[in-house]
Amino acid sequence: MTRRSPSPDQLPLRLVESPDEDIERIIEARVAARAEADALRWRFRLVVIESVMIASLVLAAGLVLEQPAGIVLRGAAIVGGGCFLTGLILISLTGAAGRLLAKLRRKR
């Protein structure tokens, strides 16, 4: 990463050019890895919550419309499962695209 020199109007702060620069890099790498893992967990939680909510909405709508319980349960399970699978596919595609972009940035 190239550092730009400060503007002549600014006071130069030498906070990063200390001997602890390696420690700072290590800490930043650990924080970035932890944030990435937390983001993945939150995405998965959101997909699970969305799937349960949509399945419960289908279930409630079917019961309000006085449809047979077996058909309503099967429909709610299919809709919830489909929502869950598409959410997992989106999470994996997002991760793959992020890795691809990271590799492309490293090559430059």
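Side-chain contact between Leu88 and Phe44 is present, with at least one heavy-atom pair separated by less than 4.5 Å. Between Val58 and Val72 there is no side-chain heavy-atom pair separated by less than 4.5 Å. Thr94 is listed as a side-chain neighbour of Arg43, based on a closest heavy-atom distance under 4.5 Å.
The shortest non-hydrogen separation linking Gly80 to Ala55 is CA-CB, 3.9 Å. When all heavy atoms of Cys83 and Ile54 are compared, the pair lying nearest together is SG-CD1, 3.8 Å.
Follow the hydrophobic side-chain contacts under 4.5 Å out from Leu40 and you reach Val47 in the same cluster. Residue Leu63 is grouped with residue Leu73 when hydrophobic side chains (ILVMFWY) are merged at heavy-atom distances under 4.5 angstrom, including chains of intermediate members.
Annotation: Arg45, atom CZ; neighbour count of heavy atoms from other residues, nucleotides and ligands within 6.0 Å is above 12. More than 12 heavy atoms of other residues, nucleotides or ligands sit less than 6.0 Å from atom CD of Gln67.
Atoms CG and CG, from Leu90 and Leu85 in turn, are 11.0 Å apart once rounded to the nearest 0.5 Å. Rounding to the nearest 0.5 Å places CG of Leu93 at 11.5 Å from CG of Leu100. The line from CZ of Arg99 to CG of Leu104 is 14.0 Å long, rounded to the nearest 0.5 Å.
Phe84 pairs with exactly one of Val79, Val52, Val48 by the side chain to side chain contact (heavy atoms under 4.5 Å, CB included) rule, that one being Val48.
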